[in-house]
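The structure presented is a predicted model; accordingly, all values stated were derived computationally and were not measured.
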Amino acid sequence: MRGSVGDTTTQYHRLAAPLHLESGAVLHGVTIAYEQYGASPSLGNTILVCHALSGDAHAAGMHRGDKHPGWWDGIIGPGKALDTDRYCIIATNVIGGCKGSTGPASINPETGAPYGTDFPVVTIRDMVAAQHQFLIERGITELYAVVGGSMGGMQALTWSVTFPGFARRVVAIAAAGYSTPMHIAFGAVGRAAIMTDPAWKGGRYPANERPDHGLSLARMIAHITYLSDQSMHKKFGRTLQEKTEYGYGFETEFSVESYLKHQGSSFVQRFDPNSYLYITKAIDYYDLTRNGSLSEGFANADAKFLILSVSTDWLYPPYLSEEIVLALNSTGKDVQYTEVMSGYGHDGFLLEDDQMNYLIGRFLTPLTVADIMIRDPPAICSCATIRATAQAMIEREVNHLPVLHPDGTLEGIVTSWDIAKAVAGEHLMLAEIMTRDVICVSAADTLREAARILDQHHISALPVVESGRVVGMLTSEQLSNMAERN
Ligand SMILES: CC(=O)SCCNC(=O)CCNC(=O)[C@H](O)C(C)(C)COP(=O)(O)OP(=O)(O)OC[C@H]1O[C@@H](n2cnc3c(N)ncnc32)[C@H](O)[C@@H]1OP(=O)(O)O
Ligand SMILES: N[C@@H](CCO)C(=O)O
């Protein structure tokens with residue numbers, strides 16, 4: 001059953017060590033805002049969640065008083081892909097951001113005033129370096145996985161090359177190996193909207209006179225790129241809607257106009273204009289190629305990868321994910337790829353919960369015997385005759401029967417081939433011919449392990465045993481059916 005992580009709060013960690021940035025600048029006293037959900041961190045059970053451009057550390061659960069849960073609540077929680085019953089999930093706000101981690105709106109310790117545009121340039125590598133330092137200072141020396149969409153996917157991929165092996169699995173959704181000229185173009189237009197707002201004042205605006213108009217316009221433009229032609233037809237059509245509080249004096253306006261204005265005006269409530277400049281610039285600088293080659297860029301990466309794209313994403317189209325997959329394949333990396341069929345466009349990674357849960361969950365938590373075994377399978381008593389055993393097999397249409405002691409514990413196993421031999425050898429009682437050394441599995445074993453056992457012993461069925469009792473059967477036929485479906 002999928003559930004919620006419940007009420008959550010953002011916490012703050014001050015980095016003990018200075019943070020050395022790619023530009024050569026050094027930041028002292030950096031704060032990292034984070035949230036943590038689920039199991040307590042132990043070696044190798046921690047999953048780091050990286051957010052996109054406008055996200056934050058509040059990835060799941062409810063903040064008291066809010067009307068929406070965290071931005072990835074659909075896939076973080078008990079029984080979800082980022083399963084808080086199994087894993088410790090940590091989400092941090094990026095440096096350069098404005099949701100609690102050090103960024104341009106933070107106070108510069110040297111001047112006592114906000115950094116503004118004195119804040120040093122940050123890159124995606126710097127964001128990842130800050131996350132790494134944060135984890136190390138909290139005693140987390142390896143990650144089960146790092147997961148993210150869009151700019152979060154860029155961070156996840158960057159982890160694999162900056163700290164090879166630290167994260168054993170990487171999930172990057174709706175991302176790319178580098179920013180394209182089109183990404184940079186949209187970034188430039190958004191920045192121009194902010195920087196041409198007279199209230200921007202070279203980035204030195206007071207907190208109560210921010211360039212909100214410019215930021216709102218930047219968000220409206222960017223938000224179009226997160227949608228798709230299909231989703232806009234479906235969401236808005238050509239519907240006209242009454243003049244709203246944002247109307248420019250026209251009697252009516254299109255519903256899509258009203259929507260974009262709402263997105264723009266709600267964005268200024270939660271985002272700092274200078275942060276927008278720094279983060280979009282970090283995205284523009286993002287480039288994992290080396291000597292123009294993504295294969296070379298990923299040469300040292302050491303992780304298993306899941307790459308996902310969204311079919312109608314025209315901002316990060318599937319070909320950009322496919323380039324990553326090709327580069328990883330060319331250097332022999334373990335990589336799985338799926339193009340998620342969705343009409344939502346780029347924001348599909350935030351909205352396609354079912355597909356994300358299935359694909360990411362399957363990658364992070366491999367299927368176990370319990371997931372596909374036949375529960376409460378037919379069994380036979382060791383006191384049975386060969387004839388009764390044969391009849392039971394015919395009636396239940398099985399080729400294997402676990403043989404139980406009268407007290408219900410597993411005593412042996414019998415196959416239809418054993419029955420054929422018993423008839424030829426004129427045996428009467430099952431106890432004379434059953435196999436007593438039974439090879440079993442437990443429900444928690446992975447299917448990979450079960451397949452290995454079947455193969456190693458040249459057998460085709462395994463009783464699933466818990467505390468001496470048979471709770472299920474797993475056959476090679478079920479395994480091959482699974483393999484065909486996948
Ligand atoms: C990883 C990250 O960085 S994500 C961080 C969170 N991300 C964002 O907030 C990004 C901006 N938003 C989005 O990208 C999207 O809204 C998503 C993906 C989060 C949610 O998508 P959806 O569930 O389809 O919501 P939708 O896009 O319809 O937006 C709903 C809002 O628009 C408003 N709205 C919908 N239609 C209209 C309209 N015609 N006129 C005015 N407002 C409208 C709704 O009232 C609602 O407002 P609220 O958010 O204040 O409650
Ligand atoms: N909706 C996402 C889009 C960028 O990936 C965001 O605002 O962060």
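Paired with Thr368 under the rule side chain to side chain contact (heavy atoms under 4.5 Å, CB included), one option of Asp371, Ile372, Thr365 passes, and it is Asp371. With Glu35 as reference, Thr10 is the one residue of Thr10, Thr92, Asn93 to meet the side chain to side chain donor-acceptor pair (under 3.5 Å) rule.
In terms of modelled atom types and a separation under 3.5 Å, the side chain of His183 and the main chain of Thr180 share a donor-acceptor contact. At distances below 3.5 Å, not a single donor-acceptor pair connects side-chain atoms of Thr8 with backbone N or O atoms of His58. Formation of a donor-acceptor pair under 3.5 Å by the Lys80 side chain with backbone atoms of Asp73 is found in this model. Judged by distance alone, the side chain of Asn45 and the main-chain N or O of Pro41 form no donor-acceptor pair under 3.5 Å. Under the 3.5 Å distance criterion, the side-chain polar atoms of Tyr37 are matched with a main-chain donor or acceptor of Ala59. Listed for the Trp159 side chain is no donor-acceptor partner under 3.5 Å among the backbone atoms of Val128. In this structure a side-chain-to-backbone donor-acceptor pair under 3.5 Å is present from Asp126 to Thr123. Listed for the Asp347 side chain is no donor-acceptor partner under 3.5 Å among the backbone atoms of Leu227.
In the model, Ser309 has a side-chain atom that pairs as donor or acceptor with a side-chain atom of Tyr337 under 3.5 Å. Between Thr289 and Asp287, the side chains place a donor N or O and an acceptor N or O closer than 3.5 Å (distance only, hydrogens not considered).
Atom OG of Ser265 sits about 10.5 Å away from atom CG of Leu260, to the nearest 0.5 Å.
Taking a cutoff of 4.0 Å between a charged side-chain nitrogen and a carboxylate oxygen, Asp334 and Arg169 do not qualify as a salt bridge. Of the charged side-chain nitrogens involved, none lies within less than 4.0 Å of a carboxylate oxygen, so that Asp353 and Arg2 do not count as a salt-bridged pair.
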Hey, can you pull the donor-acceptor pairs under 3.5 Å for the side chains in residues 104-112, sequence neighbours left out?
{"from": "Ser106", "atom 1": "OG", "to": "Gly103", "atom 2": "N", "distance (Å)": "2.9"}
{"from": "Ser106", "atom 1": "OG", "to": "Gly103", "atom 2": "O", "distance (Å)": "3.1"}
{"from": "Asn108", "atom 1": "OD1", "to": "Glu110", "atom 2": "N", "distance (Å)": "2.9"}
{"from": "Thr111", "atom 1": "OG1", "to": "Ala113", "atom 2": "N", "distance (Å)": "3.1"}
{"from": "Thr111", "atom 1": "OG1", "to": "Ala113", "atom 2": "O", "distance (Å)": "3.4"}

For residues 136-147, please give each side-chain donor-acceptor pair under 3.5 Å, one per line with the distance, not counting sequence neighbours.
{"from": "Glu137", "atom 1": "OE1", "to": "His13", "atom 2": "NE2", "distance (Å)": "2.9"}
{"from": "Glu137", "atom 1": "OE1", "to": "Ala16", "atom 2": "N", "distance (Å)": "2.8"}
{"from": "Glu137", "atom 1": "OE2", "to": "Ala16", "atom 2": "N", "distance (Å)": "3.0"}
{"from": "Glu137", "atom 1": "OE2", "to": "Ala17", "atom 2": "N", "distance (Å)": "3.2"}
{"from": "Arg138", "atom 1": "NH1", "to": "Gln36", "atom 2": "OE1", "distance (Å)": "3.2"}
{"from": "Arg138", "atom 1": "NH2", "to": "Gln36", "atom 2": "OE1", "distance (Å)": "3.1"}
{"from": "Glu142", "atom 1": "OE2", "to": "Arg168", "atom 2": "NE", "distance (Å)": "3.2"}
{"from": "Glu142", "atom 1": "OE2", "to": "Arg168", "atom 2": "NH2", "distance (Å)": "3.2"}
{"from": "Tyr144", "atom 1": "OH", "to": "Tyr87", "atom 2": "OH", "distance (Å)": "3.4"}
{"from": "Tyr144", "atom 1": "OH", "to": "Leu364", "atom 2": "O", "distance (Å)": "2.4"}

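Ring geometry, Tyr226 versus His346: the interplanar angle falls from 30° to 60°, so the pair is classed tilted. Aromatic ring pairs are classed by plane angle as parallel below 30°, tilted from 30° to 60° and perpendicular above 60°; the pair Tyr276 and Phe267 is perpendicular.
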